[in-house]
Amino acid sequence: MSAPDASSPAPSPSVRVRFAPSPTGFLHVGGARTALFNWLFARHHGGKFFLRIEDTDRSRSTDAAIEAILDGLTWLGLDWDAWEKSPGPGPVRQTERLALYQFKARQLLDEGKAYRCYCPAEELDARRKAALARGEVPKYDGRCRAVAEADESRPFALRFKTPQEGETVVDDLVKGRIVFENRQLDDLIILRSDQSPTYNFCVVVDDVDMAITHVIRGDDHLNNTPRQIQLYRALDFPLPRFGHLSMILGSDKARLSKRHGATSVQTYRDMGYLPEALVNYLVRLGWSHGDQEVFTREELIAKFSLDNLTASAAVFSLEKLQWLNATYLKTVEPKSIAPLVQDLLAKRGAGDAASPGRIEEVFLAHRERSKTLVDIADAVMMYVPGQRVIDAEAEKKFLTAPALPALGRVHTLLRDAPFTKDAHEHLFATLMTETGQKMATLAQPLRVALTGRSVSPGIYDVLRLLGKDEALARIESAIRLIEGGSTAHAPS
RNA sequence: GGUCCCAUCGUCUAGUGGCCUAGGACGCUGGCCUCUCACGCCGGAAACACGGGUUCGAAACCCGUUGGGACCA
């Protein structure tokens, strides 16, 4: 593999890759990463990135899942190209191509590269179990290879004549050279007795038909590769390059699954993560470029190379994703944030709680202390009139009798002075001279009175975001609360 | 069970035989800044799974062991 340097990616328009998910659920982060690597590889080389829906297993495939996958990819910004032979603009769907698989299977039969197998499924199953019970490898014995005359009246499957001598070598782009003994492989079924094609066969027929040059997929397919290579040979088509990506694991080093927490891309969207942060996180799981951690999309396209992929599996770390999201939050264009936060607010029935401009204001005050957009949405709600909720701990510590005089003074000064930052700074200076108290002792009770929490942006920012009327109302209610004793919990 | 893959701080990784008393990042942690929190800045603890080779020299190459994972059922 040539490794073009980042400044001048050598265009190789011949690069054609695909992402081929089974539509059985939401877009999994592992699948998203596979798609991402394919996409980056194609974009780096100026090649094509196709999407193919492997929906031949009709019992498990749903249209909703297809929608979810397209939606997830779109959200991540992974656009796919239209395949030249495709009838419509959408992704390629295997169920629309059954005739081709059947035709190709028949062709292999006619060429003597496949044969009819009359063994009933139940019998094969029984033989498999028996072999297992004897401690043997369950492998089809190839008995129907010997059946001479065709009998189309009986139900039969089509089996591929797998070579039994020699070895098949996979020259993998990430794992290196892997050798499989051919005698380990049995004759796989390519077409079931009900005429439905099998997984490995469809993949090869499609990859051939779509002229895929690089098969980049999860290493859970590594063991399928030698038989697929043999199918390529049988179909008389040159091999693509293969690259098998390591898996993403959960914290216990088992393959990442639901029990580890969120696995679907859309869940991360709901949790308030930015797509660029998720992309950046996923790309660094199994790929690196020296010591660099943060990449723009353009940098990724420029710098991506299969050479820097890791062969070992990686554990998913929510902490690092959070950090990346926080760093993106610090630099994103504030205007782009408002609609995303609005969506999150709408999901909790508060879609009209704040205008875009308002969200932007709150965002600017909170971006450096937030990890996700959910944090921002919470912050927006905190300033909505009547929405203050006083934290019990903070109340006990700061809304106490000794704070009363200062709170009263602040209320008076605030009420009578202009509502500007300069005036507020002056107000606190006055207060410090008057009382001899420090800013820290003055600000905390006020902070709790205004926000209900002992943690917030700077006090001047909070005042500005609240506005004069709401600020005064909250101080009044805090004063009443203190005067009424700890039993009275008046709402703001 | 068979086949295959993998193995550097807790985690993601740099490392392509001498630049390694092993670098960066997250997390953890001490300090500074400070109206709180955070941000930022400065510092700290923390890893080459084990055993044999190969070599003047091995984190790196080979073999084995152990451990983890995937696939086949």
Side-chain angles (χ1 to χ4, degrees), chain A residues 30 124-125 127-129 131-140 168 170 172 174-186 188 199-200 218-227 244-256 280-294 307-327 329-331 365-371 375 379 394 397-398 424-425 428-429 431-432 437-448 450-451 453-463:
Chain A
L124 290 170
D125 213 45
R127 272 190 247 153
R128 201 180 297 126
K129 287 201 175 103
L132 237 30
R134 289 193 302 272
E136 291 169 13
V137 183
K139 186 183 156 187
Y140 180 66
T168 299
V170 180
D172 196 85
V174 353
K175 307 271 191 192
R177 181 185 154 92
I178 304 159
V179 180
F180 293 86
E181 300 278 340
N182 285 343
R183 69 184 137 79
Q184 299 291 344
L185 310 171
D186 55 3
L188 90 149
Y199 172 78
N200 280 302
D219 72 6
D220 45 340
H221 290 107
L222 193 49
N223 284 306
N224 285 330
T225 308
R227 33 189 21 147
H244 287 93
L245 272 11
S246 51
M247 302 271 89
I248 298 180
L249 311 177
S251 49
D252 60 355
K253 307 241 176 181
R255 187 176 177 163
L256 189 67
N280 198 145
Y281 178 69
L282 289 176
V283 82
R284 282 286 290 103
L285 223 47
W287 179 82
S288 62
H289 188 266
D291 285 340
Q292 189 171 351
E293 296 286 350
V294 182
D307 299 338
N308 300 315
L309 288 170
T310 319
S312 56
V315 173
F316 191 92
S317 159
L318 191 63
E319 285 75 24
K320 190 146 185 182
L321 207 210
Q322 270 175 354
W323 169 77
L324 265 170
N325 205 58
T327 76
L329 245 25
K330 279 173 210 143
T331 55
H366 282 264
R367 67 189 330 185
E368 287 189 348
R369 37 177 66 72
S370 299
K371 295 214 182 291
D375 295 341
K397 194 165 174 197
F398 296 108
H424 295 156
E425 281 174 349
F428 273 95
L431 214 52
M432 282 190 276
Q437 288 182 316
K438 291 194 168 150
M439 187 67 185
T441 45
L442 252 22
Q444 274 312 82
L446 181 60
R447 185 187 315 284
V448 177
L450 293 175
T451 68
R453 308 176 193 180
S454 56
V455 165
S456 82
I459 212 75
Y460 305 121
D461 286 331
V462 171
L463 283 171

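Throughout, a chain's letter reflects where its sequence line sits, starting with A, and its residues are numbered from 1.
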| task | Between B:rG2, B:rA25, B:rA14, spot the one nearest the side chain of A:Ser288, thanks. | result | B:rA14

| note | Against the side chain of A:Phe180, the closest entry in B:rC4, B:rC12, B:rC35 is B:rC4

| field | Spacing between A:Leu309 atom CG and B:rA14 atom P, to the nearest angstrom | value | 10 Å

| Among the nucleotides B:rC12, B:rU3, B:rG24, which one has an atom lying closest to any side-chain atom of A:Glu293? | B:rG24

| message | Without decimals, in angstroms, what is the distance between A:Lys438 NZ and B:rU36 P? | response | 11 Å

| Checking all strands, does A:Glu319 fall into the base, sugar-phosphate, or nothing category for heavy-atom contacts under 4.0 angstrom? | sugar-phosphate

| B:rG68 to B:rG24 separation - C1' atoms, rounded to the nearest Å | 26 Å

| field | 5' priority, RNA chain B, between A:Gly458 and A:Asp291 [closest heavy atom] | value | A:Asp291

| Pair assignment for B:rA25, Watson-Crick or G-U wobble, requiring both distances under 3.5 Å | B:rU11

| message | Among B:rG24, B:rC6, B:rC35, which nucleotide has an atom closest to any side-chain atom of A:Ala311? | response | B:rC6

| Under a 3.5 Å cut-off for both distances, is B:rU3 Watson-Crick or wobble paired, and to whom? | B:rA70

| field | Interatomic distance where CH2 belongs to A:Trp323 and P belongs to B:rC26 [whole Å] | value | 5 Å

| request: Take atom CZ of A:Phe316 and atom P of B:rU11, then tell me their distance rounded to the nearest Å. | output: 16 Å

| query | Between the base of B:rG40 and the side chain of A:Glu368, is there any donor-acceptor pair under 3.5 Å? | reply | no

| B:rA45 pairs with, by Watson-Crick or G-U criteria that keep both distances under 3.5 Å | none

| request: Let me know the distance between NZ of A:Lys320 and P of B:rG24, rounded to the nearest Å. | output: 13 Å

| said: Which is more 5' along RNA chain B, the nucleotide nearest A:Lys371 or the one nearest A:Asn308? Just name the residue. | reply: A:Asn308

| field | Nearest listed nucleotide, side chain of A:Ala443, among B:rC35, B:rC37, B:rC12 | value | B:rC35

| query | What nucleotide, of B:rC5, B:rU36, B:rA25, holds the atom closest to the side chain of A:Gln444? | reply | B:rU36

| message | With rounding to the closest Å, how many angstrom separate the C1' atoms on B:rU29 and B:rA45? | response | 7 Å

| remark: Picking from B:rC6, B:rG69, B:rU36, the nucleotide nearest the side-chain atoms of A:Leu249 would be B:rG69

| task | Between B:rA22 and B:rG44, how far apart are the P atoms? Round to whole Å, please. | result | 13 Å

| task | Starting at atom CG of A:Asn280, determine the distance to atom C1' of B:rC12, rounded to an integer number of angstrom. | result | 12 Å

| B:rC37 phosphate, OP1 or OP2, under 4.0 Å from A:Arg447 side-chain N/O | no

| said: I'd like the P distance from B:rU21 over to B:rG27, given in whole Å. | reply: 29 Å

| field | Touch class at under 4.0 angstrom, heavy-atom based, for A:Tyr460 against every strand present | value | base

| said: At less than 3.5 Å, do the side-chain atoms of A:Arg369 and the base atoms of B:rC39 form a donor-acceptor pair? | reply: no

| query | So which nucleotide from B:rC39, B:rU11, B:rC12 ends up closest to the side chain of A:Lys253? | reply | B:rU11

| task | If B:rC61 has a Watson-Crick or G-U wobble mate with both distances under 3.5 Å, name it; if not, just say none. | result | B:rG53

| query | CD/A:Gln437 to CG/A:Leu431 distance, rounded to the nearest 0.5 angstrom? | reply | 7.5 Å

| said: Taking the minimum atom-to-atom distance to the side chain of A:Ala440, which one of B:rC12, B:rA70, B:rC35 wins? | reply: B:rC35

| query | Minimum heavy-atom separation for A:Ser288 to A:Asn308, with atom names? | reply | O-CB, 3.2 Å

| query | What does B:rC32 pair with, Watson-Crick or G-U, if both distances are under 3.5 Å? | reply | B:rG40

| Atom-to-atom span, CD1 of A:Ile248 to P of B:rA70 - whole angstrom | 13 Å

| field | A:Lys371 backbone acceptor or donor facing A:Asn325 side chain under 3.5 Å | value | yes

| Heavy-atom closest contact (A:Ala311 atom, A:Ser246 atom, distance) | O-CB, 3.6 Å

| request: Please determine, for the side chain of A:Ala314, which listed nucleotide (B:rC37, B:rC6, B:rU13) has the closest atom? | output: B:rU13

| said: Using whole Å, what does the distance between atom P of nucleotide B:rG2 and atom CG of A:Asn224 come to? | reply: 20 Å

| message | Taking 4.0 Å as the cut-off, does a side-chain nitrogen or oxygen of A:Ser456 come that near to OP1 or OP2 on B:rC37? | response | no

